[in-house]
Amino acid sequence: MAAPGAAATDLEVVRGKRAALFFAAVVIVLGLPLWWKTTETYRAPLPYSQISGLNSLQLRLMVPVTVVFTQESVPLDDQEKLPFTVVHEREIPLKYKLKIKCRFQKAYRRALDHEEEALSLGGIQEAETMFAEPSEQAEGSLTVYVISEHSSLLPQDMMSYIGPKRMAVVRGIMHREAFNIIGRRVIQVAQAMSLTEDVLAAALADHLPEDKWSSDKRRPLKSSLGYEITFSLLNPDPKSHDVHWDIEGAVQRYVQPFLNALRAVGNFSVDSQVYNVDPKAYNGSELPVRVKVDMVRVMEVFLAQLRLLFGIAQPQMPPKCLFSGSKSEGIMSWELDRLLWARSVENLATATTTLTSLAQLLGKISNIVIKDDVASEVYRAVAAVQKAAEELASGHLASAFVASQEAVTSSERAFFDPSLLHLLYFPDDQKFAIYIPLFLPMAVPILLSLFRIFLETCKSWKKPEKID
């Protein structure tokens with residue numbers, strides 16, 4: 001009678017072992033992978049290698065310069081060599097991770113008939129009037145006319161002229177080294193009208209050490225997609241002074257042309273306001289004195305301040321150079337190009353720093369969620385930085401500036417995305433506090449059953465086999 005009971009007991013033991021093994025297999029094969037997949041932090045892939053490569057990015061700022069030679073500006077033998085191209089490249093010494101080189105590509109050619117006619121006039125202003133700036137002339141490009149050494153177009157004590165448009169004039173020379181001498185003069189003029197170390201140092205003021213940019217200098221406004229300008233009038237005694245200012249007419253007459261010239265840099269909104277301060281003492285017998293503000297003198301100060309705020313400093317002219325001054329808009333065409341260069345470099349530096357900081361942050365903190373839209377913004381920013389660098393190297397200043405703006409916008413949109421902070425304050429110890437009460441009651445019986453099965457298996461292996 002004991003045999004059937006023992007057999008039933010052995011059968012229950014076998015069933016218990018199989019059930020424990022089955023539950024363990026389900027937990028290991030299905031439960032753990034499913035839990036791991038559903039609770040892992042989603043991190044979309046990012047171009048970390050490309051972002052690290054941005055730190056060694058080398059910018060080549062190409063300035064196309066067309067050098068036009070008139071008759072008798074160089075010896076006849078040299079005129080026969082025209083046209084040809086000469087490239088002059090120099091590195092701008094800034095202590096910054098971005099290496100910046102300025103490349104002047106000088107295309108030499110002879111003057112056309114209408115150019116010869118214009119440059120044969122008696123004055124530079126008349127000649128400049130005939131040279132209407134062509135609409136197809138690209139931003140950042142320059143045209144330098146080489147006139148005869150004894151031409152009366154410039155005063156005899158002047159060797160060059162820089163006008164408000166993208167045009168300059170230099171004197172030629174009858175010398176066997178004429179091209180070399182004139183080439184150096186052209187470079188001096190082109191550097192004054194394009195990029196200098198001070199312009200780039202002002203643009204990269206937040207990224208350079210103090211020895212390259214003095215703290216007592218006025219730092220220009222940072223590059224932005226839009227600017228808001230507010231004119232405020234403070235009347236300390238409105239009961240004694242009736243102040244009138246034609247701010248609307250002054251803005252339309254003086255400020256708006258300047259802002260229209262800067263429309264490529266960003267969007268501008270202008271408003272005005274009047275502050276009236278009530279005095280403590282007031283004599284009611286006196287009538288308020290009517291005061292009219294001289295808006296011409298006020299706008300002169302405001303325009304000078306706006307130029308400084310946007311980093312449009314007075315250029316450093318080469319020796320014996322005649323300078324015409326600003327246009328009616330308050331800014332010259334080549335000053336706008338120089339501002340676009342500076343803003344493009346500033347945008348690239350800002351985007352590179354933002355992307356590098358974001359990559360370092362995401363690499364250190366593993367529980368930050370990286371969504372697909374954040375990753376797409378990062379990819380878009382990296383592509384925009386590379387495109388802007390390529391456009392600058394090709395001399396396409398307008399498209400390079402647009403690409404640099406896109407790089408800054410995309411990089412900052414990715415860096416300040418709110419989804420990056422969702423799990424930032426959910427550390428690992430809180431995860432264990434949640435999961436241990438859930439999994440421990442289920443895991444202990446399974447582990448004990450597996451341990452008991454392991455011990456019984458080891459004992460069965462140690463029992464000696466009976467030999468008949």
Engineer: Which residues satisfy the side chain to side chain donor-acceptor pair (under 3.5 Å) test with E391, sequence neighbours excluded?
Structural biologist: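 Partners of E391 by the side chain to side chain donor-acceptor pair (under 3.5 Å) criterion, ordered by chain and then number, come out as H396, S399.
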Engineer: Nearest 0.5 angstrom please: D271 CG to T230 OG1, how far?
Structural biologist: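 Here the interatomic distance stands at 3.5 Å.
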Engineer: My understanding is that only residues two or more places apart in sequence, or in another chain, count here; which of them pass salt bridge (Lys or Arg N to Asp or Glu O under 4.0 Å) with K81?
Structural biologist: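 In terms of salt bridge (Lys or Arg N to Asp or Glu O under 4.0 Å), with neighbours along the sequence ignored, K81 is linked to D78.
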Engineer: What is the distance from atom NZ of K222 to atom OG1 of T350, rounded to the nearest 0.5 Å?
Structural biologist: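 Those atoms lie 7.0 Å apart.
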Engineer: Restricting to side chain to side chain contact (heavy atoms under 4.5 Å, CB included), what partner residues turn up for Q50, sequence neighbours left out?
Structural biologist: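 Side chain to side chain contact (heavy atoms under 4.5 Å, CB included) list for Q50, sorted by chain: P47, V382, Q386.
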Engineer: Measuring from atom CG of L59 to atom CG of L348, what distance do you get when rounded to the nearest 0.5 angstrom?
Structural biologist: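 Nearest 0.5 Å value for the CG-CG distance: 5.5 Å.
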Engineer: Can you list every salt bridge (charged side-chain N to carboxylate O under 4.0 Å, His left out) pair that touches residues 182-195, not counting sequence neighbours?
Structural biologist: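 Non-adjacent pairs meeting salt bridge (charged side-chain N to carboxylate O under 4.0 Å, His left out): zero.
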Engineer: Would you give the length of the straight line joining atom CZ of F310 to atom CG of L336, rounded to the nearest 0.5 angstrom?
Structural biologist: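 One gets 11.5 Å once the value is rounded to the nearest 0.5 Å.
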Engineer: Check the angle between the aromatic planes of Y227 and F268 and answer parallel, tilted or perpendicular using the 30° and 60° thresholds.
Structural biologist: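 Parallel, since the angle between the ring planes stays under 30°.
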Engineer: Parallel, tilted or perpendicular for F104 and H88, by the 30°/60° rule?
Structural biologist: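 Judged by the thresholds at 30° and 60°, the geometry between F104 and H88 is tilted.
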Engineer: Between atom CZ of R263 and atom CD of Q256, what is the distance when rounded to the nearest 0.5 Å?
Structural biologist: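 These two atoms lie 10.5 Å from each other.
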Engineer: Would a line drawn from the ring center of F69 to the ring center of F179 be shorter than 6.0 Å?
Structural biologist: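 Between F69 and F179, the centre distance is under 6.0 Å.
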Engineer: Any idea which heavy atoms bring P318 and I162 closest together, and the distance?
Structural biologist: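 Looks like CD-CD1, 4.4 Å.
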Engineer: Are more than 12 heavy atoms, taken from residues, nucleotides or ligands other than F84, located less than 6.0 Å from that residue's CZ atom?
Structural biologist: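 For F84, atom CZ is crowded (more than 12 foreign heavy atoms under 6.0 Å).
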Engineer: I'd like to check the side chain to side chain donor-acceptor pair (under 3.5 Å) partners of S232; sequence neighbours left out, ordered by chain and number.
Structural biologist: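 Checked S232 against side chain to side chain donor-acceptor pair (under 3.5 Å); matches are Q273.
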Engineer: Where do L397 and E139 come nearest, in terms of heavy atoms and distance?
Structural biologist: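 What the structure gives for the nearest pair is CB-O, 3.5 Å.
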Engineer: Suppose we screen for salt bridge (Lys or Arg N to Asp or Glu O under 4.0 Å). Which residues come up paired with R413, at least two apart in sequence or across chains?
Structural biologist: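 Counting only residues at least two positions away or on another chain, R413 forms a salt bridge (Lys or Arg N to Asp or Glu O under 4.0 Å) with E377.
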Engineer: Could you tell me which residues satisfy salt bridge (Lys or Arg N to Asp or Glu O under 4.0 Å) with R338, sequence neighbours excluded, listed by chain and number?
Structural biologist: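 With sequence neighbours excluded, R338 shows a salt bridge (Lys or Arg N to Asp or Glu O under 4.0 Å) to no residue whatsoever.
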Engineer: Holding to side chain to side chain donor-acceptor pair (under 3.5 Å), I want the full list of residues that pass it with K101, two or more places apart in sequence or in another chain.
Structural biologist: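 Side chain to side chain donor-acceptor pair (under 3.5 Å) list for K101, sorted by chain: empty.
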Engineer: Any salt bridge (charged side-chain N to carboxylate O under 4.0 Å, His left out) pairs touching residues 43-70, not counting sequence neighbours?
Structural biologist: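 Of all non-adjacent pairs touching residues 43-70, those that pass salt bridge (charged side-chain N to carboxylate O under 4.0 Å, His left out) are R60-E89.
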Engineer: Which heavy atom in A168 sits nearest to a heavy atom in V189, and how many Å separate them?
Structural biologist: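 Residues A168 and V189, closest heavy atoms: CB-CG1, 3.4 Å.
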Engineer: Could you pull out the closest heavy-atom pair between G183 and Y108, with the gap in Å?
Structural biologist: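 Taking every non-hydrogen atom into account, CA-OH, 3.7 Å.
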Engineer: To the nearest 0.5 Å, what is the distance between OG1 (T85) and NZ (K106)?
Structural biologist: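 The distance works out to 10.5 Å.
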Engineer: If the condition is side chain to side chain contact (heavy atoms under 4.5 Å, CB included), which residues does A381 pass it with, not counting sequence neighbours?
Structural biologist: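 Only L355, S410, S411 meet the side chain to side chain contact (heavy atoms under 4.5 Å, CB included) criterion with A381.
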Engineer: Could you list all the ring-ring contact (aromatic ring centres under 6.0 Å, His included) pairs where at least one residue sits in residues 337-376, not counting sequence neighbours?
Structural biologist: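 Checked against ring-ring contact (aromatic ring centres under 6.0 Å, His included) - neighbours excluded - no pair reaches residues 337-376.
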Engineer: Just jot down the side chain to side chain donor-acceptor pair (under 3.5 Å) partners of N347, sequence neighbours excluded, or say none.
Structural biologist: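 Once residues adjacent in sequence are excluded, the partners of N347 under the side chain to side chain donor-acceptor pair (under 3.5 Å) criterion are S223, S404.
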Engineer: Quick check: closest heavy atoms across T356 and T352, and the distance to 0.1 Å?
Structural biologist: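 That closest heavy-atom pairing would be OG1-O, 2.8 Å.
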Engineer: So, does W334 use its side chain to make a donor-acceptor pair with the main chain of G163 at under 3.5 Å?
Structural biologist: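 Confirmed, W334 side chain pairs with G163 backbone.
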Engineer: So which atom in I331 and which in I312 form the shortest heavy-atom distance, rounded to 0.1 Å?
Structural biologist: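 Nearest heavy atoms, I331 then I312: CD1-CD1, 3.5 Å.
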